[in-house]
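Data first, discussion second: the structure below is written as structure tokens.
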Amino acid sequence: MQLERQDFGEAIMITVDEARIDAAIAIQFKDSVREMAGDAPARVILDMTKVEFLDSSGLGAVVAVMKQLGGDRALELAGLTPTVEKVFQLTRMDSVFAIHKDTSAAVSGLAHAS
Amino acid sequence: MRPDASQDIGNRLIQRFHADPMQVREMLRQTRQAWAEFGCSSDLHATGEQVLAEVLNNVVEHAQAGRPEGIVELETGTAPGGFYCQVRDDGAAMPGLQLPAGRPAQVDADLQDLPEGGFGWYLIRTLTRDLTYSREGSWNRMRFHIVDKV
């Protein structure tokens with residue numbers, strides 16, 4: 001599982017360096033993001049720019065991560081590719097997450113801390 | 001049986017795989033390639049891959065649960081407006097011998113009550129046409145069409 005973390009003070013951004021979040025890696029994805037976001041501040045931004053395919057197991061894993069972060073911290077999504085965006089729209093999960101057009105929109109106004 | 005056991009007969013591809021998530025990835029890769037060769041649009045590929053991933057994952061996780069030696073057979077070919085897929089497997093029958101209803105997931109719930117699953121059948125039902133299921137001897141058979149303007 002290839003993930004990269006950047007810190008922005010009150011937010012962190014986790015970039016998913018995988019073309020697919022599917023049933024083959026959904027559990028690993030969930031565990032890895034949870035580990036990486038363990039000490040995260042109020043906002044956790046998941047950069048999905050490189051993710052070209054998300055199946056329902058992958059979608060379930062993204063929801064699970066948000067639930068694990070608890071009510072005090074929010075999981076936000078950035079850079080959904082058209083195929084991935086369609087999955088969120090069809091399942092109406094786009095109403096559950098704050099979704100940013102791209103990573104710069106997600107972190108505008110925040111200072112890079114690392 | 002080798003994972004590359006596939007046959008390409010004109011505008012039709014038949015593949016046989018073992019029920020394993022990594023083999024599902026490979027099966028999807030080969031199928032996308034076949035659809036491209038059929039001349040289907042990339043929108044149709046994307047829809048087809050989404051549906052087929054859900055169908056094959058369901059076979060691996062339910063019908064063939066705990067049976068990595070289980071067989072999954074996929075046939076796909078051109079059809080008017082797009083393509084058809086037929087998925088057969090020698091695993092357990094669908095409960096009640098019918099496909100799940102695939103209701104949309106409840107999204108207006110409290111954070112901790114949000115669903116982490118149950119999206120798959122909704123996606124399959126929303127994105128396919130002419131979806132059928134039958135139990136034939138010790139095999140399941142599902143068939144559906146992916147066409148433009150679902």
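From a predicted model like this one, the values you see are computed outputs, not experimental measurements. Here is the naming used below: chain letters follow the sequence lines, and residue numbers restart at 1 for every chain. Values reported hereafter were calculated over all heavy atoms of this structure, with side chains retained and with hydrogens, waters and symmetry mates removed.
Nearest heavy-atom pair, B/Val107 versus A/Ser95, reported as atom, atom and distance to 0.1 Å: CG2-OG, 3.8 Å.
Put simply, A/Phe53 and B/Leu123 are part of two different groups of oily side chains (I, L, V, M, F, W, Y) that touch within less than 4.5 Å, one to the next. No continuous path of hydrophobic side-chain contacts links B/Tyr122 to B/Leu131 [ILVMFWY only; heavy atoms under 4.5 Å]. Following chains of ILVMFWY side-chain contacts shorter than 4.5 Å, one can reach A/Ile99 starting from A/Val51, so the two form part of one hydrophobic cluster. Hydrophobic clustering of Ile, Leu, Val, Met, Phe, Trp and Tyr side chains at less than 4.5 Å, counting indirect connections, unites B/Leu127 with B/Phe38. Side-chain heavy atoms closer than 4.5 Å link hydrophobic residues (I, L, V, M, F, W, Y) into clusters, and following such links, even through other members, never connects B/Leu74 to B/Met22.
To the nearest 0.5 Å, the span separating CZ on A/Arg92 from CZ on B/Phe119 amounts to 11.5 Å. Note: B/Leu111 CG to A/Leu75 CG = 10.0 Å, rounded to the nearest 0.5 Å.
Of all the listed residues (B/Pro104, B/Ala105, B/Pro115), the one sharing the greatest number of non-hydrogen pairs under 4.5 Å with chain A is B/Pro115. Chain B forms more heavy-atom pairs under 4.5 Å with one residue of A/Gly60, A/Ala23, A/Ser57 than with any other, namely A/Gly60. If you tally non-hydrogen atom pairs under 4.5 Å between each of A/Leu54, A/Leu90, A/Val96 and chain B, the highest count goes to A/Leu90.
For CD of A/Glu10, the number of neighbouring non-hydrogen atoms (other residues, nucleotides, ligands) closer than 6.0 Å is 12 at most. Within a 6.0 Å radius of CD1 in A/Ile27, other residues, nucleotides and ligands contribute 12 heavy atoms or fewer.
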Kindly indicate, with the supporting measurements, whether the criterion side chain to side chain contact (heavy atoms under 4.5 Å, CB included) is fulfilled by B/Arg25 and A/Ile25. CA-CA 11 Å; B/Arg25 275 191 173 186; A/Ile25 61 160; 3.7 Å; yes
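Looking at heavy atoms from C-beta onward, B/Val24 lies out of side-chain contact with A/Asp22 at the 4.5 angstrom threshold. Between B/Leu28 and A/Arg20 the shortest side-chain heavy-atom distance falls below 4.5 Å. A/Lys86 has its side chain within reach of B/Thr47: a pair of non-hydrogen atoms, C-beta onward, lies under 4.5 Å apart.
Scanning residues 86-100 of chain B against chain A with a 4.5 Å non-hydrogen threshold yields no residues.
With A/Thr83 as the partner, the side chain to side chain contact (heavy atoms under 4.5 Å, CB included) test is satisfied by one option alone out of B/Glu49, B/Gln50, B/His45: B/Gln50.
Using modelled atom types, one side-chain atom of B/Gln112 and one backbone atom of A/Lys67 make a donor-acceptor pair closer than 3.5 Å.
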